[in-house]
S.K.: 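My structure is below; once you've seen it, I'll send some questions.
Only heavy atoms go into these numbers, but all of them, side chains included; no hydrogens, no water, no symmetry mates.
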There are 2 protein chains.
Amino acid sequence: MVTQGLISTREDILERAIPLFARLGFHGVSMRDIAAEVEMQAAALYHHFADKEALYLAAMAYAFKDKSVVLTQAIAIPGTPLERLNRFVETLAEGMGRDPDFLALLQRERIDGNETRLKLLAEEVFAEPFDALLTLAKEIAPAHDSHMVAISICALVMYHMETAPMRRFLPGWHTTLDQPKFIAKHAMALLAQLFADGDQK
Amino acid sequence: MVTQGLISTREDILERAIPLFARLGFHGVSMRDIAAEVEMQAAALYHHFADKEALYLAAMAYAFKDKSVVLTQAIAIPGTPLERLNRFVETLAEGMGRDPDFLALLQRERIDGNETRLKLLAEEVFAEPFDALLTLAKEIAPAHDSHMVAISICALVMYHMETAPMRRFLPGWHTTLDQPKFIAKHAMALLAQLFADGDQK
DNA sequence: GTCTATATCTTGATAGAC
DNA sequence: GTCTATCAAGATATAGAC
């Protein structure tokens, strides 16, 4: 299972295709575009992938691979529920800030993905950390629906990250507001206030 | 300024193009697709719009037109801050639930829109209700950054709406969780708990 | 204002040499 | 495993009749 330091052509293609798909979407990128990025001819791509869709799906799988591990680990580290929540929120914000391609692909898949792809994304990528978050939500806010609380936690981080490019033009904006650390801090300030005193409804 | 009951061909084109662009995106829809939907030949579209991009931009402007008025009004109705917040949250959730095309286009523009388009969207569509929300945020949570609080309020509604298709496949999901009324109720439950007692940090 | 016809370009994909 | 050459389909856009 140990890969050589050298990267295969297949992986090279995927890694260079990912930023293109993230920025322009499936229909916005041609096989020639990808080939140019890898510095080969478009025909050669078909030696590695059956067609454009197969390449795209492989790129998604590659981009989403192992993304959830850090989140699951962040929650798993022992501590008070609020400490564990804080670690999750910080990890989520930092991770998204560090990988804008992932953030973009995630949003694209949410809109363009069919049932099969959404199911795969949910079950293969998010089910594990979300399960841990659900358990934490039950501890921290037993009076509310756990699924809703878990999503709300994600929302307080993700929506700031996702809307950052547009928020620049909304009133009250300043540069600090788009920094992952600040977003995590703000989310935790709200969440701590929400759940600190045992969640009286 | 009073339009006749009859709709112009131009508006007919826009109204039929909007669902297509919402579902498939700019590159996923051809001029032929749109023409077929309006039951005319693709060439005729060029009598009404200079090119595909002009048609798309006009469709966006049409889809986003007057969308913000209800939100601004919802906040403007007199009442306690929490009542006004509740009205905003309910209006936002209901509005998005009633217009899935708008919700989809909004997400697409966030990813695909260039600086100019994002600026236009922010300033022409969202600035007014967001300004009102900012003022409300200052009243309701003076200890926190107003912009962040305002976005967080939107996040607690919007992120549930936007992720609905994928959340179906996440643990703890059940049909109720995607209903606008329930989402609004949950968001308000959290927000009321957050801000009820004067926002002690 | 809509049509048919068509020019021009780009796309995904294949064939076959090396 | 990559190349050149090429096909067939689909795209945007235009010209000109009605």
Side-chain angles (χ1 to χ4, degrees), chain A residues 3-63 105 108-109 111-114 116-117, chain B residues 3-63 105 108-109 111-114 116-117:
Chain A
T3 49
Q4 313 116 314
L6 297 172
I7 208 169
S8 68
T9 308
R10 189 190 144 91
E11 282 176 319
D12 191 32
I13 294 168
L14 294 179
E15 287 192 358
R16 291 181 191 268
I18 283 169
L20 290 180
F21 283 132
R23 264 177 267 144
L24 303 164
F26 179 82
H27 294 292
V29 178
S30 72
M31 293 299 270
R32 282 173 178 80
D33 293 336
I34 298 169
E37 204 72 20
V38 197
E39 290 175 302
M40 54 164 42
Q41 290 304 309
L45 295 174
Y46 290 87
H47 177 79
H48 301 275
F49 304 94
D51 53 23
K52 188 187 177 185
E53 198 188 344
L55 198 165
Y56 178 79
L57 293 177
M60 291 307 103
Y62 193 87
L105 288 177
R108 289 198 183 278
E109 277 296 282
I111 317 179
D112 293 328
N114 54 28
T116 316
R117 261 154 62 189
Chain B
T3 50
Q4 313 116 314
L6 297 173
I7 207 171
S8 68
T9 308
R10 188 191 145 92
E11 282 175 320
D12 190 32
I13 295 169
L14 294 179
E15 288 192 357
R16 292 180 190 267
I18 284 169
L20 290 181
F21 284 132
R23 265 177 265 145
L24 303 164
F26 180 81
H27 294 292
V29 178
S30 72
M31 294 298 269
R32 281 177 179 80
D33 293 336
I34 298 169
E37 205 71 21
V38 197
E39 290 175 304
M40 52 165 42
Q41 290 304 309
L45 295 174
Y46 290 88
H47 177 78
H48 302 274
F49 304 95
D51 53 24
K52 188 186 175 183
E53 198 187 345
L55 198 166
Y56 178 79
L57 293 177
M60 291 306 103
Y62 193 87
L105 288 177
R108 290 197 183 278
E109 277 296 284
I111 318 180
D112 292 330
N114 55 29
T116 317
R117 262 154 62 189

S.K.: Taking the inter-plane angle between the rings of A/F21 and A/F26 on a 0 to 90° scale, is it parallel (under 30°), tilted (30 to 60°) or perpendicular (over 60°)?
M.R.: parallel
S.K.: Any donor-acceptor pair under 3.5 Å linking the side chain of B/R108 with the backbone of B/G113?
M.R.: no
S.K.: Among D/dA5, C/dT2, D/dT14, which nucleotide sits nearest the side chain of B/A44?
M.R.: C/dT2
S.K.: With a 3.5 Å cut-off and just heavy-atom distances, do the side chain of A/R32 and the base of C/dG12 make a donor-acceptor pair?
M.R.: yes
S.K.: Between B/Y46 (OH) and D/dT14 (P), how many Å, whole number?
M.R.: 7 Å
S.K.: Would you mind reading off the distance between A/D51 atom CG and C/dT14 atom P, rounded to a whole angstrom?
M.R.: 8 Å
S.K.: Side-chain N or O of A/H47 less than 4.0 angstrom from OP1 or OP2 on D/dG1?
M.R.: yes
S.K.: Examine distances only and state if a side-chain atom of B/D12 and a backbone atom of B/T9 form a donor-acceptor pair shorter than 3.5 Å.
M.R.: no
S.K.: Minimum heavy-atom separation for A/L55 to A/L14, with atom names?
M.R.: O-CD2, 3.9 Å
S.K.: Calculate the interatomic distance between B/E39 atom CD and C/dG1 atom P; express it in whole Å.
M.R.: 19 Å
S.K.: Taking the side chain of A/S30 as its heavy atoms from C-beta onward, which of D/dT4, C/dG12, D/dT12 lies nearest to it?
M.R.: C/dG12
S.K.: Could you check how far CE of A/M31 sits from P of D/dC3, rounded to whole Å?
M.R.: 14 Å
S.K.: Given atom CD of A/E53 and atom P of C/dT11, what is their separation to the nearest angstrom?
M.R.: 18 Å
S.K.: A/H48 side chain N/O closer than 4.0 Å to the phosphate oxygens (OP1, OP2) of D/dT2?
M.R.: yes
S.K.: Consider the side chain of B/K52, meaning its heavy atoms from C-beta on, and name the nucleotide among C/dT11, D/dT12, C/dT2 that approaches it most closely.
M.R.: D/dT12
